[in-house]
Each structure stands twice: as structure tokens, then as C-alpha cells.
Participant: 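The structure is given below, and queries will be raised subsequently.
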Amino acid sequence: MTTEDVVVDVSQDWVLACDVQQRFMHGPGWNTGSVDLSGRCRQVRALGGDCYHFMALTDDRLALVVGDASGKGLAAALMMASVQSSIRTAALFTGNDLGALLKTVNLQAYAWSLTNRYATLFYGVFDRATRTLRYVNAGHNPPVVLRDDGSVHWLQPSGAPVGMFPDSTYQESALQLNPGDLVITYTDGVIEAANPSGEEWGVQGLLNATAAWEPHCPEGAEGLVQVIFNSMDDFSRGCQTDDATLAVLRVV
């Protein structure tokens, strides 16, 4: 095998790895009738450590996962892929106990991750029958719930990032949602987007962009994701220095 053949093989493997990572994440526009879901993950490199995922569960429930592995590139992508795989497996054996699920994922992540490697993670389960959101936040940026009545609620962390400490525990919380309510999850690459002067867009930029969105637009949650990314890019002049991920759940 020549050097040129090796380069071609590596290039093909890289393309395959990128494709596999994208398949872990559902594309935008999943409207189930009772909930409108959309997300976007835009990496700085071809592979990155951000992820979002919508996963159908039993009993008419949906899981919303958003994560951010430390670092960038291939190493971060591999860790996040392992975390996503652990979540899928743990969901089969831990039932409705979200704290136990995250504890299992954390133990697995700690066992095989390198030193100083970890991932922040938000795991929520939306029950479409009762419109209840149960969730655990493992050191992740607090998702924001924007009520149809104008009130704002933040889903604060209830435990450390997965893979950081072997004995971490996680407290489950619950929130009743109503038609018109929005749940916006994001990674730090969104709120830390900076303009040429070094000023960060921040959570206020995120809230301002959401306020400019028309809830009754035909694109729904997908339209909101586009509006937020457009506003973020306008602020940062299109300069992206970190992976940026959004996942939106809108109760219909």
C-alpha cells in the first residue's frame, strides 16, 4: 500500500465518522401533533463534541438530550458518541428513574474517559399525555423555559458533568408545561459567540432573538432555530470559535 492509498483510506474513514456522528442526531422538523421539535448542531470542525438527540420512548414519551464534551475535534466526538451510546443502553434498564440513568452514564464515562475529559449533559423526558417535563441537568448550561404567559424559568444543574467524578449523583426535577410553552436547550458555543470587540452574545442575545420570532410561523420550532442562528451570526459577524448546538421543544 502506498502513502497515497493510506491518505485516501484515512480521508474516507474521516468522512464515514462525520456521517455516523450526524446520524446520532435527528434533523430539524419533527412535529408529532402535541409537540414541535427541532435542533441544529454546527461544529467548528468536521467532528466535534456537541450533540443533540430526540428519542422516542415507551408510553408516549420523548427524550430530549443535549450534550457538550470537553475539548474539540476527534477526541471530543469519540467521548460524546460513547456518552450517547451509554444513554441509549441505560434507558433500557433504568426505566423512569432519570437520576439512576445519569448515574449509570456517569460511571461508564468515568471508567473509560481520559483524565480531564468530561461532558455536560441535559436529559429531559416529555410525557405527551400529561405535558410534564422530567429532567436531570448534569452540569449543563441551564435550558430556558419560556411560558406562553411571558414568564421565564431556568432548568438549573442538579449534578456534576458526566465522567468528572465516579460518585456523582443526580436529582430529578419536573415541570408542568402548557400549550405555547417553549423549552430551549443550547451549548456554550451559542451564548459565548463573540463580536469583533470580544463582547459575548450571552443569554440575553438568545432571549432577544426568541422574542423576535413569530410563534405562528409555518416553520414552527425549525423557524425558531433558524432565527436564533441568524441572530447569533449577525452579532458575531459569522465568526464561530466553538461548537454551537440548539434543540427546541414547543408544546402545541
Side-chain angles (χ1 to χ4, degrees), residues 17-32 35-57 61-72 76-88 90-91 98 101-102 105 109 118-126 133-146 154-155 157 161-162 182-193 203 206 209-210 219-230 232-233 240 242-251:
C18 295
D19 183 58
V20 169
Q21 184 177 56
Q22 288 303 313
R23 288 174 183 272
F24 266 112
M25 295 180 274
H26 283 286
W30 185 14
N31 191 322
T32 67
V35 63
D36 185 14
L37 306 170
S38 185
R40 181 181 303 177
C41 178
R42 195 173 70 189
Q43 317 278 23
V44 173
R45 306 174 185 174
L47 289 171
D50 275 14
C51 82
Y52 76 91
H53 185 59
F54 302 124
M55 182 169 58
L57 303 174
R61 297 172 302 137
L62 295 166
L64 165 60
V65 183
V66 177
D68 183 0
S70 58
K72 294 183 177 67
L78 288 173
M79 178 167 191
M80 186 51 67
S82 297
V83 168
Q84 288 175 282
S85 179
S86 295
I87 290 172
R88 289 172 178 267
L98 305 192
L101 186 149
L102 262 292
V105 172
Y118 57 87
T120 65
L121 193 66
F122 176 83
Y123 184 86
V125 174
F126 180 69
L133 177 69
R134 298 163 50 239
Y135 65 91
V136 176
N137 187 336
H140 197 72
N141 299 103
V144 58
V145 178
L146 302 177
W154 299 91
L155 308 184
V162 297
L182 277 169
V183 181
I184 303 176
T185 57
Y186 54 92
T187 59
D188 55 11
V190 173
I191 59 173
E192 293 177 3
V203 293
L206 176 65
T210 304
E219 295 82 5
E222 182 178 352
L224 174 57
V225 170
Q226 184 64 53
V227 165
I228 292 174
F229 266 90
N230 287 346
M232 179 183 69
D233 289 342
Q240 182 176 343
D242 195 6
D243 301 334
T245 299
L246 276 172
V248 172
L249 181 155
R250 181 172 70 99
V251 181

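Since the structure is predicted, the reported quantities are computational estimates derived from the model, not experimental observations.
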Participant: Would you be so kind as to tabulate the donor-acceptor pairs closer than 3.5 Å made by side chains of residues 64-72, with sequence neighbours excluded?
Facilitator:
unit_1, atom_1, unit_2, atom_2, d
Ser70, OG, Tyr118, N, 3.2
Ser70, OG, Tyr118, O, 3.3

Participant: For the CD atom of Glu192 and the CE atom of Met232, what is their distance to the nearest 0.5 Å?
Facilitator: 12.0 Å
Participant: If you take all heavy atoms of Leu224 and Val248, which pair is closest and at what distance?
Facilitator: CD2-CG1, 3.8 Å
Participant: Would you indicate whether the side-chain heavy atoms of Met80 and Val83 approach each other to under 4.5 Å?
Facilitator: yes
Participant: Considering non-hydrogen atoms only, spot the tightest contact between Val162 and Ala138 and give its length.
Facilitator: CG1-CB, 4.2 Å
Participant: Within the side chain of Ser85, is there an N or O that forms a donor-acceptor pair under 3.5 Å with the backbone of Ala81?
Facilitator: no
Participant: Could you list the residues that satisfy side-chain hydrogen bond (donor to acceptor under 3.5 Å, both in side chains) with Thr185, not counting sequence neighbours?
Facilitator: none
Participant: Within the structure provided, determine whether Arg42 and Asp233 are in side-chain contact (heavy-atom separation under 4.5 Å).
Facilitator: yes
Participant: How many angstroms lie between CG in Leu101 and OG in Ser86, if you round to the nearest 0.5 Å?
Facilitator: 9.5 Å
Participant: Of all the heavy-atom pairs spanning Pro143 and Asn137, show the shortest one and how long it is.
Facilitator: CD-ND2, 3.8 Å
Participant: Quick one: does Asp36's side chain have a donor or acceptor within less than 3.5 Å of a partner on Ala221's backbone?
Facilitator: yes
Participant: Considering only heavy atoms from C-beta outward, does the side chain of Asp243 approach that of Thr187 to under 4.5 Å?
Facilitator: no
Participant: For Ala76 and Gly49, work out which heavy atoms get closest and say how close.
Facilitator: CB-CA, 3.6 Å
Participant: Give me the atom names and distance for the closest heavy-atom approach of Ala244 to Asp50.
Facilitator: N-OD2, 3.6 Å
Participant: When rounded to the nearest 0.5 angstrom, what distance separates NE2 in His140 from OH in Tyr123?
Facilitator: 15.0 Å
Participant: Within this structure, what is the CG-CG distance for the pair Leu37 and Leu62, rounded to the nearest 0.5 Å?
Facilitator: 6.0 Å
Participant: Tell me, with the steps shown, if Cys41 and Gln43 meet side-chain contact (heavy atoms from CB on, under 4.5 Å).
Facilitator: CA-CA 6 Å; Cys41 178; Gln43 317 278 23; 3.4 Å; yes
Participant: Let me confirm one number: the OG1-CG distance from Thr120 to Asn141, rounded to the nearest 0.5 Å.
Facilitator: 6.5 Å
Participant: Please check: side-chain N/O of Gln226 versus main-chain N/O of Glu219, any donor-acceptor pairing under 3.5 Å?
Facilitator: no
Participant: Looking only at heavy atoms, what is the nearest atom pair of Ala109 and Met79, with distance?
Facilitator: CB-CE, 4.5 Å
Participant: Are any non-hydrogen side-chain atoms of Leu155 and Leu133 less than 4.5 angstrom apart?
Facilitator: yes
Participant: With rounding to the nearest 0.5 Å, note down the distance linking CE in Met55 to CD1 in Ile87.
Facilitator: 7.0 Å
